A.B. asks: 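Quick one: the structure is below, and I'll ask about it shortly.
All figures in this text were calculated on a predicted structure; none of them were measured in a lab.
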Amino acid sequence: MPTDTEELVYRLRNARTLVALTGSGMSAASGIPTFRGDDGLWRNFRAEELATPEAFAHDPRTVWEWYDWRRTAIANAQPNAAHAVLAAWSRRPGFTLITQNVDGLHERAGTANVIRFHGSIWELRCAAECGAPPWEDHTAPMASLPPTCPSCEGIARPGVVWFGENIDPDVLERSSQAAAAADVFLSIGTSSLVFPAAGLLHHAKRNGAFTVEINPGATDVSRVVDLPIAAPAEDALSMLDARVKMG
Ligand code: OAD
């Protein structure tokens, strides 16, 4: 095992604060396509046709058909070994998980202290902002599309962040604070192309975190981190967990 990995194992054992930022590569082993991989969701669909407020205003049914297809695929998937390791680590004090994933697999694996940076595909809200609070809906496939707001009976929208929309200020603040306080910051299964999520690693590094990337492919941050681990999340996290436990 390379010395660098030994150092990470040591740091993982001794970190007072540990932050993991996850992206769609985390759920690849669960059979859910990433956004920008060979089978990626954005290869077959144009983002601006589906994941923008303008697309939804223009054709809510088509946008909902795409979300309903994804919800059904996710409902039939299971959390994988990588989710299980982070769920186990989330039991320690000082752990924060920031996920760009809207699939809810971290929560299904039993992870504590999850910040949903891009929202949740299982949350719906009124598109007309009638004042109804957001609600959970786990039906997949949905009975009729588009679904409606229980309060005003207008069209409902998925509770996710679309291109051109801002991250919830409270979510951004909590994420920034966790990143700044991190002793160890792990960036897992993300292309690090989408901001502001991708900025969290730089923020952590500037504030003294030991930074690690786990990704079988190279990204813009592979040369920035203290330790790049070029392996799938499910393999790398299982290996690290076994080493951390070995004591
Ligand atoms: P991407 O599709 O951009 O990147 C997925 C990354 O996962 C790639 O760098 C792959 O190399 C890596 N990967 C593939 N299999 C892996 C595995 N088994 N283990 C670890 N890594 C693996 O997805 P994200 O970075 O999540 O935003 O995309 C970020 C955001 O762009 C998403 O949250 C979504 C999308 O547009 C919104 O919808 C707002």
A.B. asks: Checking N166 against L172 for the side chain to side chain contact (heavy atoms under 4.5 Å, CB included) test, could you report, in this order, the C-alpha distance in whole Å, the side-chain angles of both residues, the deciding distance, and whether it holds?
C.D. replies: CA-CA 9 Å; N166 292 327; L172 194 54; over 6 Å; no

A.B. asks: Classify the side-chain pair S222/E213 by whether it contains a donor and acceptor separated by less than 3.5 Å.
C.D. replies: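 Yes, side-chain donor-acceptor contact under 3.5 Å.
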
A.B. asks: Determine, stepwise, if the pair R71 / D137 fulfils salt bridge (charged side-chain N to carboxylate O under 4.0 Å, His left out).
C.D. replies: CA-CA 10 Å; R71 283 164 60 100; D137 183 322; 3.2 Å; yes

A.B. asks: For residues V19 and A179, report the shortest heavy-atom separation together with the two atoms involved.
C.D. replies: CG2-N, 4.5 Å

A.B. asks: Rounded to the nearest 0.5 Å, what separation is found between the CG atom of D103 and the CH2 atom of W122?
C.D. replies: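 Answer rounded to 0.5 Å: 9.0 Å.
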
A.B. asks: Can you confirm whether the side chains of S192 and D220 place a donor and an acceptor under 3.5 Å from each other?
C.D. replies: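 On atom types as modelled, these side chains do not qualify, holding no pair under 3.5 Å.
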
A.B. asks: On a heavy-atom basis, which atom in H106 and which in T99 lie closest, and how many Å separate them?
C.D. replies: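 What the structure gives for the nearest pair is CD2-OG1, 3.6 Å.
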
A.B. asks: Is N113 reaching over with its side chain to a backbone N or O of F95, donor-acceptor style, under 3.5 angstrom?
C.D. replies: yes

A.B. asks: Nearest 0.5 angstrom please: L227 CG to T211 OG1, how far?
C.D. replies: 8.5 Å

A.B. asks: So, are D226 and K205 salt-bridged, with charged N and O less than 4.0 Å apart?
C.D. replies: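 The answer is yes: the pair qualifies as a salt bridge.
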
A.B. asks: Measure from the side-chain N and O atoms of N76 to the backbone N and O of T72, and report whether any donor-acceptor pair falls under 3.5 Å.
C.D. replies: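 Flag set: sc N76 to bb T72 pair under 3.5 Å.
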
A.B. asks: Think R92 forms a cation-pi with W89, using NZ or CZ under 6.0 Å from the six-ring centre and within 45 degrees of its axis?
C.D. replies: no

A.B. asks: Between S24 and Q100, is any side-chain donor less than 3.5 angstrom from a side-chain acceptor?
C.D. replies: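 No, no side-chain donor-acceptor contact under 3.5 Å.
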
A.B. asks: Please round to the nearest 0.5 Å and tell me the distance separating atom NE2 of H138 and atom CD of E136.
C.D. replies: 4.0 Å

A.B. asks: Given 3.5 Å as the limit, does a donor-acceptor pair link the side chain of N215 with the main chain of T190, or not?
C.D. replies: yes

A.B. asks: For the residue pair S176 / H203, report whether a side-chain donor-acceptor contact shorter than 3.5 Å exists.
C.D. replies: no

A.B. asks: As an exercise, state the distance from CH2 of W135 to SG of C149, rounded to the nearest 0.5 Å.
C.D. replies: 4.5 Å

A.B. asks: Taking all non-hydrogen atoms of both residues, which atom of V171 and which atom of R116 are closest, and how far apart?
C.D. replies: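 Taking every non-hydrogen atom into account, CG1-O, 4.1 Å.
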
A.B. asks: Assess the residue pair T22 and L97 against the criterion (side chain to side chain contact (heavy atoms under 4.5 Å, CB included)); give the C-alpha distance rounded to whole Å, side-chain angles, the decisive distance to 0.1 Å, and a yes or no.
C.D. replies: CA-CA 8 Å; T22 64; L97 188 129; 4.3 Å; yes

A.B. asks: Quick one: do Q78 and H83 satisfy side chain to side chain contact (heavy atoms under 4.5 Å, CB included)? Show the steps, please.
C.D. replies: CA-CA 10 Å; Q78 297 302 325; H83 294 105; over 6 Å; no

A.B. asks: Do you know which two heavy atoms are closest between V221 and H202, and how far apart they sit?
C.D. replies: CG1-NE2, 3.9 Å

A.B. asks: Could you give the distance from CZ (F210) to CG (L12), rounded to the nearest 0.5 Å?
C.D. replies: 8.5 Å

A.B. asks: Check whether more than 12 heavy atoms from other residues, nucleotides or ligands sit under 6.0 Å from atom CD of E165, and answer yes or no.
C.D. replies: yes

A.B. asks: Just checking, is any N or O donor in the side chain of S90 or T111 under 3.5 Å from an acceptor N or O on the other one?
C.D. replies: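 On atom types as modelled, these side chains do not qualify, holding no pair under 3.5 Å.
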
A.B. asks: Hey, could you give me the OG1/CZ distance between T52 and F163, rounded to the nearest 0.5 Å?
C.D. replies: 9.5 Å

A.B. asks: Look at the rings of F56 and W162 and say which category their plane angle falls in: under 30° parallel, 30 to 60° tilted, over 60° perpendicular.
C.D. replies: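 Because their plane-to-plane angle lies in the 30° to 60° range, the rings of F56 and W162 count as tilted.
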
A.B. asks: One pair to check against side chain to side chain contact (heavy atoms under 4.5 Å, CB included): I188 and V212. What are the steps and the verdict?
C.D. replies: CA-CA 8 Å; I188 309 169; V212 180; over 6 Å; no

A.B. asks: Is a side-chain donor or acceptor of D183 paired with a backbone partner of R16 at a separation under 3.5 angstrom?
C.D. replies: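 It does hold such a pair.
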
